[in-house]
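Each ligand, and each atom within it, is numbered from 1 in the order the structure gives. Values in this document were obtained by computation on a predicted structure and should not be read as measured data.
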Amino acid sequence: MTRPHRILAAAFVSFVAMGASSQPPVSRPATLRVGMWTLWHDREIALTPTASTMLQTCEPCEKRVLHNAATVGANQHGGLTLLVGEHTMQVRAIRLSGGVTLTAHSESATLRDRVTITARGGTLVIAVTMPVERYVEHVVASESGLEDSTESLKALAIVVRTYALHESHGHPDYDLCDSTHCQLLHWHSDPHRSPAAHEETLATAGETLWFHGRRAIAYFSKDCGGRTASLAEIWPHVDSAPYLDSHTDKFCTKESGGWSSELTRTELTSALASRGLAAPGWQHLSVEHRGESGRVVTLRLDSITIHAEDFRIAVGESLGWNKVPSTWFEVSQQGDRFFFHGRGTGHGVGLCQKGAAAMAAQGRSSHEILTQYFSGAATADESTGKSWQSLARAGFTLETQNASDAPFLADLARARAEASERSGFNPSQPFTVRAFPSTSAFRDATLAPGWTAAFTEGDWIATQPLATLAARHLLLPTMRHEFLHALIEHEAGPRAPLWLREGLVELWSTDPDAWTNLRPRTPVMALDAVDAALLHSTTEAQSRAAHRDAAIYVLRLLDGYGRAQALEWIRSGVPADALARIGQR
Ligand SMILES: [Zn+2]
Ligand SMILES: [Zn+2]
Ligand SMILES: [Zn+2]
């Protein structure tokens with residue numbers, strides 16, 4: 001089940017306003033530098049500013065607003081030529097922030113994150129500094145398939161995050177590239193995959209794989225063909241890891257056909273030469289050595305030995321990845337023609353995406369999937385190394401890393417009951433409350449600003465540390481507020497405006513006596529502006545104003561049309577005549 005994703009935060013309960021003293025200073029969320037368009041080797045790209053694009057042409061220089069379209073190219077001196085209107089500048093690097101659209105090789109992408117452009121070897125190097133969780137979400141959307149569902153996407157998100165954070169990937173200008181060399185990342189969001197990728201990335205935010213209390217390494221590939229590869233079979237120089245052994249996979253073998261392809265000597269020669277693996281003039285190609293899974297580890301080309309994974313990558317890069325999709329193959333030769341028959345797609349180490357999707361379809365959990373492919377490894381929070389525990393109560397499950405959170409369950413249960421009482425909604429499906437161990441963990445996971453106390457998306461609630469909320473007497477009101485959100489989201493149809501959902505929560509969160517003070521007040525913002533501000537407030541004051549205005553508008557709706565009608569409109573959307581009537585200022 002995929003629900004449209006929504007961002008709703010209890011901005012009324014403010015950490016800053018409650019006294020910033022005991023809160024750590026607001027720092028930047030954990031980020032990764034991701035190489036963009038790394039296989040294109042662009043020499044020139046066009047920049048189109050958004051309303052707030054800032055440009056910086058050197059490290060100590062001031063940021064300036066970029067008003068006009070610009071072009072940036074790699075020059076002959078290892079630097080950049082920047083052309084803005086009539087002005088040409090030679091610079092070493094440029095930084096763009098506040099949102100910008102990049103265009104090259106007939107592709108455009110609009111980025112909100114900071115972009116740094118430099119040059120290396122006559123081509124442009126584009127590095128995008130993005131929050132870890134946004135990176136994971138993009139990769140999960142790009143690497144997942146239509147057969148994936150909730151639990152296999154969660155498992156994939158954990159593997160993708162682990163791979164990104166636990167290894168260095170050998171790129172001098174950024175942490176990871178956007179090709180399959182690291183993990184594939186498409187810069188456009190895919191309407192079919194992005195909402196589910198977002199949801200399952202959020203549900204596993206910050207979780208990585210660990211083995212006996214130490215950070216583990218993780219890999220995934222499309223289809224292991226019925227038996228996974230051990231680490232040593234594919235990358236003999238990497239230290240072995242007991243959880244990356246070769247084992248049979250009974251989940252992906254169903255309807256697993258093999259593959260076959262034919263390549264000419266000319267094609268193979270050009271592919272091998274492109275990676276410097278062999279010069280022209282060779283005669284015979286045969287398997288030299290196989291590993292424990294049956295995959296080819298080394299090939300023999302006349303008298304030289306070629307590593308099979310290097311061979312697969314050389315053929316893939318120059319002739320297409322479907323020619324020799326895995327190293328699990330037989331090869332035979334007839335004159336200048338070479339016939340390959342094999343199984344599986346990808347290196348075969350770690351998680352098998354085909355098997356994971358099949359396990360999820362059979363009702364297995366993400367933890368069962370990860371145990372299947374990383375035997376003995378377990379998931380834990382990247383920063384604390386602790387695992388998440390689930391404590392189920394009527395109507396909700398608390399996920400926490402702290403055993404000392406258990407006493408707060410009583411307040412949570414009370415908040416849940418009061419939310420149902422005030423709204424009249426009481427679905428049987430339980431909500432998930434994930435209590436983060438620190439403000440920074442909360443903010444890194446949700447990308448919500450640090451002044452937000454909690455955050456609801458669909459039936460999933462994230463909160464700041466429960467002890468912090470309790471110490472400020474905010475636990476009950478915050479949780480009641482968030483449970484109200486979750487209850488309303490459960491009822492809401494796709495056309496229910498944000499101001500209606502947020503305003504109802506605001507009103508139901510407060511005593512009806514207090515509504516009397518709200519009635520004569522005039523909203524500051526128009527209805528459309530309230531929705532925009534609820535989604536993208538940059539300051540706490542703006543968010544507060546938007547919440548208050550939402551409450552005023554909803555009060556007009558309740559006074560004018562009654563509660564039953566308002567609840568009906570949560571499902572169907574508010575008709576235009578009612579909008580016009582309550583929208584007057
Ligand atoms: Zn709210
Ligand atoms: Zn890479
Ligand atoms: Zn498999």
Side-chain angles (χ1 to χ4, degrees), residues 6-14 32-39 125 127 135 139 147 152 163-164 167-185 219-229 246-256 293 313 317 326 328 343-359 369 372-373 419 448 452-457 461 463 477-489 498-510 530 533-535 537 543-544 546-548 550-551 554:
R6 290 145 179 165
I7 296 169
L8 297 158
F12 266 25
V13 240
S14 157
L32 287 167
R33 285 176 314 140
V34 184
M36 179 178 184
W37 292 339
T38 53
L39 294 183
V125 176
Y135 168 79
V139 173
E147 57 290 340
S152 62
Y163 177 86
E167 273 169 278
S168 85
H169 306 282
H171 294 292
D173 301 303
Y174 33 77
D175 300 317
L176 296 125
C177 70
D178 59 348
S179 81
T180 50
H181 170 270
C182 289
Q183 304 186 112
L184 186 66
L185 188 154
Y219 302 94
F220 66 94
S221 63
K222 283 272 173 272
D223 172 9
C224 79
R227 187 175 180 95
T228 64
S246 172
H247 59 84
T248 54
D249 182 357
K250 63 176 192 275
F251 296 99
C252 67
T253 42
K254 219 173 127 211
E255 99 238 15
S256 179
S293 76
I313 292 187
E317 282 178 351
S326 78
W328 195 353
R343 308 180 64 169
T345 300
H347 51 65
V349 180
L351 181 121
C352 165
Q353 287 188 276
K354 189 178 173 187
M359 287 182 79
I369 294 170
Q372 160 75 12
Y373 297 106
T452 315
F455 169 100
T456 296
E457 186 153 330
I461 299 168
T463 77
T478 300
M479 292 314 302
R480 192 168 54 214
H481 186 107
E482 299 307 322
F483 279 128
L484 279 167
H485 269 307
L487 288 166
I488 288 176
E489 291 311 290
L498 201 50
W499 60 263
L500 176 56
R501 286 143 48 199
E502 190 69 56
L504 270 174
V505 171
E506 291 301 330
L507 291 178
W508 284 340
S509 298
T510 50
V530 174
L534 288 171
L535 264 181
S537 285
S543 178
R544 266 176 187 274
H547 279 76
R548 202 209 45 178
V554 173

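Taking the Zn ion (ligand 1) as reference, the nearest N/O/S atom within His481 carries the name NE2. Per residue His181, closest N, O or S atom to the Zn ion (ligand 2): atom name ND1.
For His485 and Glu457, the side-chain atoms include no donor-acceptor pair closer than 3.5 Å. Between the side chains of Arg227 and Ser246, a donor-acceptor pair is found at a separation under 3.5 Å.
The Zn ion (ligand 3) forms the vertex of an angle spanning SG of Cys224 and SG of Cys252; to the nearest 10 degrees it equals 100°. The Zn ion (ligand 3) forms the vertex of an angle spanning OD2 of Asp249 and SG of Cys352; to the nearest 10 degrees it equals 110°. Rounded to the nearest 10 degrees, the angle OE2 (Glu502) to the Zn ion (ligand 1) to NE2 (His485) equals 100°. Remark: at the Zn ion (ligand 2), atom NE2 from His171 and atom SG from Cys182 enclose 110°, rounded to the nearest 10 degrees.
Using cut-offs of 30° and 60° for the angle between ring planes, the His247 and Tyr373 rings count as tilted. In this structure, His181 and His171 have perpendicular ring planes: the angle between them is above 60°, well past the 30° mark.
At least one N, O or S atom of Cys177, from either the backbone or the side chain, sits less than 2.8 Å from the Zn ion (ligand 2). The nearest N, O or S atom of His547 is not closer to the Zn ion (ligand 1) than 2.8 Å.
Counting heavy atoms from C-beta outward, Glu317 and Ile313 have side chains that approach closer than 4.5 Å.
Although no hydrogens or angles enter the test, the distance criterion places a donor-acceptor pair under 3.5 Å between the side chain of Asp178 and the main chain of Thr38.
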